Amino acid sequence: MGEPHRRRPSSRRQHTVPRFYLKRFADADERIMRVPIGTEQAPRPCGIRDVAVHNDFYSFPDDAGQLDDSVEIALSKLEGEAAHVLRMVVDEDCWPLPAAERKTMTDWVAAQFLRVPARRQAANEVFDHLTKITLAIEGKQGLRERLEAESGGPVSDEEVERKWAEKADFSSYTVKPPVVHHLASMARGIPAAADVLMQRGWVLYRFKRKKLITSDHPVTLIRDPRTPRWIGVGLATAAGVAIPLDRQVVLLMSAPGAPDRTGSPTAALAQDFNQRFAFSARSAVFHHPDDTPLVGVELPPRRTSEMRVSQDPEDFIRPEPLRDA
C-alpha cells in the first residue's frame, strides 16, 4: 500500500475517519454533532472538515527528508471507490452486493479498522514495552555494548552508571517507533484483515425511526459472551464486526460462512448498536445534529492506554553479581 513519493498536498490535515463517511451523519451544511468522552467539554456541532483530523498522520519522511504522502493518496483512492459502494447500499438499496463491490467494501472496512489512532497507539505501547524489557534483560553489560558501538570506543564505568540510572527509570520516558512502522503494519495487515471479513456472513440492518451514532473509531468488535474477559478480541475471534454506514443503516459482519442477508431492525437492537459504537470510541462520538440517539447510552471513560501488561520492565532486571571482597 503506497506509491512513489508524490508532491505534498496543500493541507497537512488528514482524516483518520474519511469525510465521505462522516457526511452520512451530518446535516446539509456538513455539520455533525461531536460529543467528547472523558472530558467536561460539552457536545457541539462541528464541520466534518474539523473532526477526526490529525496533522500528517499518514505522512512519513522519505530518503530525501521530504514528507511522503503516498499512503494518504492510496487511502483516498480506496475511499473514492468505497463511497460509490456506500451509495449503492444506502441510497440505491442494492443488497446483497455484487462480488466486486463486496470486495471494495471489505477492503475499506479493513483499512478503516487498521488506520485509526488506537491501532498506532497500541503498536507504540508494545514497542515501548518490548524495548524496555530488552534493555532490562541485557542489563548494564548490554547497555555498555550499545554505548561503545555508538561511540566507537570504550566508555567509562561512570558513564555506564549514569546512563543506566537514566534508562532504568522506565516510567520517566516513552520509546516511540517511527511512524512508518504503523504504516507498514497497515499495508501488511489490510489484505489479511480483508480476507477475514470477506469470509463472514454480512447482515444489513435498516432502521426506519431509530437513529445511529458513529465515532472516531467506527469499526466495532462484538465480543463473544463466552470469551473470558482477560482474552483480547480481534477481527478473527470476534463474534461480529459492526460499522454504522449511515445514521439509519448498520452493517454487521457475523458468523463465517453464513449467507449475506437483511436483518430485522428493532428499537432494542438500535440501542444495543449505539451502546457498542459508543464504547468503541476513544475521544468522541458523532451523530446528526437533529438526532438524539444517545438517550439511554452510557459513554465510556477516556482510555489512557490500549494495552494491559502483567509485568513491568523492572521485573526483568537481573540482580548484579556479587563483587569479590
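None of these values were measured; they are calculated from a predicted model. In what follows, residues are counted from 1 in the order of the sequence shown.
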Practice problem: Could you pull out the closest heavy-atom pair between A111 and L75, with the gap in Å? | Solution: CB-CD2, 4.4 Å

Quiz item: If you round to the nearest 0.5 Å, how far is CZ of F20 from CD1 of I48?
Solution: 11.0 Å

Exercise. Any chance you could measure K210, atom NZ, to N274, atom CG, to the nearest 0.5 Å?
Key: 9.5 Å

Quiz item: Should R49 and E30 be marked as a salt bridge (charged side-chain N to carboxylate O under 4.0 Å, His left out) after you check the CA-CA gap, both sets of side-chain angles, and the distance that decides it?
Solution: CA-CA 8 Å; R49 293 173 55 90; E30 296 195 351; over 6 Å; no

Quiz prompt | Student check: side-chain heavy atoms of C46 and F286 closer than 4.5 Å | solution = no

Quiz item: Any donor-acceptor pair under 3.5 Å linking the side chain of H287 with the backbone of P293?
Solution: no

Quiz item: What's the spacing between E158 CD and S156 OG if we round to 0.5 Å?
Solution: 4.5 Å

Quiz item: Going by distance alone, is a donor N or O of one side chain under 3.5 Å from an acceptor N or O of the other, for Y58 and S70?
Solution: no

Self-check item: Note, D195 side chain near T106 side chain (heavy atom, < 4.5 Å)
Solution: no

Quiz item: Going through the distances and angles, do T220 and V241 end up as a side chain to side chain contact (heavy atoms under 4.5 Å, CB included)?
Solution: CA-CA 6 Å; T220 299; V241 180; over 6 Å; no

Quiz item: Is there a donor-acceptor pair closer than 3.5 Å between any side-chain N or O of S280 and the backbone N or O of H217?
Solution: yes

Quiz item: Going through the checks in order, is the salt bridge (charged side-chain N to carboxylate O under 4.0 Å, His left out) test met by D157 and R144?
Solution: CA-CA 9 Å; D157 291 344; R144 179 187 292 276; 2.6 Å; yes

Practice problem: Please determine, by modelled atom types, if E125 and Q121 share a side-chain donor-acceptor pair under 3.5 angstrom. | Solution: yes

Exercise. Identify the residue among E159, E161, E145 that makes a salt bridge (Lys or Arg N to Asp or Glu O under 4.0 Å) with K140.
Key: E161

Quiz item: So W202 and W95, would you call those rings parallel, tilted or perpendicular, with 30° and 60° as cut-offs?
Solution: parallel

Quiz prompt | Cluster check Y205, V90: I/L/V/M/F/W/Y, side chain < 4.5 angstrom | solution = no

Quiz prompt | Trace of the side chain to side chain contact (heavy atoms under 4.5 Å, CB included) decision for Q271 with V297 | solution = CA-CA 7 Å; Q271 182 82 0; V297 172; 4.1 Å; yes

Quiz item: What do the steps show when you test V179 against R120 for side chain to side chain contact (heavy atoms under 4.5 Å, CB included), and what is the final call?
Solution: CA-CA 8 Å; V179 169; R120 180 172 297 180; 3.6 Å; yes

Practice problem: Quick one: closest heavy-atom pair of A110 and L197, and the distance? | Solution: N-CD1, 3.8 Å

Exercise. Please answer whether the main-chain N or O of P18 pairs with a side-chain N or O of E79 as donor and acceptor at a distance below 3.5 Å.
Key: no

Quiz prompt | side chain to side chain contact (heavy atoms under 4.5 Å, CB included) between I32 and H288, intermediate numbers included | solution = CA-CA 5 Å; I32 196 169; H288 192 285; over 6 Å; no

Quiz item: Are V17 and L22 side-chain neighbours, meaning at least one heavy-atom pair lies under 4.5 Å?
Solution: yes

Quiz item: Rounded to the nearest 0.5 Å, how far apart are CG of L147 and CH2 of W164?
Solution: 11.0 Å

Practice problem: Measure across L235 and A193 and return the closest heavy-atom pair with its distance rounded to 0.1 Å. | Solution: CD1-CB, 3.4 Å

Quiz item: Is D128 reaching over with its side chain to a backbone N or O of V175, donor-acceptor style, under 3.5 angstrom?
Solution: yes

Quiz item: Quick one: CZ on R282 to OG on S215, what's the gap to the nearest 0.5 Å?
Solution: 8.0 Å

Quiz prompt | Whether over 12 other heavy atoms sit under 6.0 Å from K23 NZ | solution = no

Quiz prompt | Neighbour count above 12 (heavy atom, 6.0 Å) for K132 NZ | solution = yes

Exercise. Taking Q112 for its side chain and T16 for its backbone only, find out whether a donor-acceptor pair lies under 3.5 Å.
Key: yes

Self-check item: Between CG on residue L183 and CG on residue L114, distance to nearest 0.5 Å
Solution: 11.5 Å

Quiz item: Are W108 and F113 close enough that their ring centers fall under 6.0 Å?
Solution: no

Quiz item: Would you say D312 and F170 make side-chain contact, with heavy atoms under 4.5 Å?
Solution: no

Quiz item: So do R206 and Q248 actually touch side chain to side chain, heavy atoms under 4.5 Å?
Solution: no

Quiz item: Would you say V285 and V116 are hydrophobically clustered, going by side-chain heavy atoms of ILVMFWY under 4.5 Å?
Solution: no

Practice problem: With K167 as the cation and Y173 as the aromatic partner, state whether NZ or CZ is under 6.0 Å from the six-membered ring centre and within 45° of the axis. | Solution: yes

Exercise. Please report the shortest heavy-atom distance between V160 and V155, naming the atom on each side.
Key: CG2-CG2, 3.7 Å

Quiz item: Going through the checks in order, is the side-chain hydrogen bond (donor to acceptor under 3.5 Å, both in side chains) test met by D216 and S283?
Solution: CA-CA 7 Å; D216 53 351; S283 62; 2.7 Å; yes

Practice problem: Please tell me if the side chains of F127 and H181 come closer than 4.5 Å, counting only heavy atoms from C-beta onward. | Solution: yes

Exercise. Return yes if some donor-acceptor pair links the side-chain N/O of R102 with the main-chain N/O of M198 below 3.5 Å, else return no.
Key: yes

Quiz item: Are any side-chain N or O atoms of T227 and backbone N or O atoms of R223, one a donor and one an acceptor, separated by less than 3.5 Å?
Solution: no

Quiz item: Does T39 reach the main-chain N or O of P36 with its side chain, forming a donor-acceptor pair under 3.5 Å?
Solution: no

Quiz item: Is F279 linked to F273 within one hydrophobic cluster, defined over Ile, Leu, Val, Met, Phe, Trp and Tyr using a side-chain heavy-atom separation of less than 4.5 Å?
Solution: no

Practice problem: Inspect the surroundings of CD in Q41 and state if more than 12 heavy atoms from other residues, nucleotides or ligands are less than 6.0 Å away. | Solution: no

Quiz prompt | Common cluster, V109/L252, ILVMFWY with side-chain heavy-atom separation under 4.5 Å | solution = no

Quiz prompt | Intermediate values then yes/no, side-chain hydrogen bond (donor to acceptor under 3.5 Å, both in side chains), Q14 and S59 | solution = CA-CA 9 Å; Q14 298 173 354; S59 301; 2.9 Å; yes

Quiz item: Under a 4.5 Å cut-off applied to non-hydrogen side-chain atoms, are D260 and V203 in contact?
Solution: no

Self-check item: Non-hydrogen atoms of P61 and L67 that approach each other most closely
Solution: N-CD2, 3.9 Å

Quiz item: Would you say the side chain of E138 lies within less than 4.5 Å of the side chain of R146, judging by non-hydrogen atoms?
Solution: yes

Quiz item: So if you build clusters from Ile, Leu, Val, Met, Phe, Trp, Tyr with side-chain heavy-atom gaps below 4.5 Å, do V51 and M33 land together?
Solution: no

Quiz prompt | Whether over 12 other heavy atoms sit under 6.0 Å from D63 CG | solution = no

Quiz item: Checking R261 side chain against P96 main chain: does a donor-acceptor pair fall under 3.5 Å?
Solution: no

Quiz item: Could you go step by step and tell me if R247 and D291 meet the salt bridge (charged side-chain N to carboxylate O under 4.0 Å, His left out) rule?
Solution: CA-CA 9 Å; R247 59 198 282 228; D291 297 342; 2.6 Å; yes

Practice problem: Applying salt bridge (charged side-chain N to carboxylate O under 4.0 Å, His left out), run through R87 and D246 and close with a yes or a no. | Solution: CA-CA 10 Å; R87 287 192 296 271; D246 181 86; over 6 Å; no

Quiz item: Should the pair F57 and H182 be assigned to parallel (<30°), tilted (30 to 60°) or perpendicular (>60°) ring geometry?
Solution: perpendicular

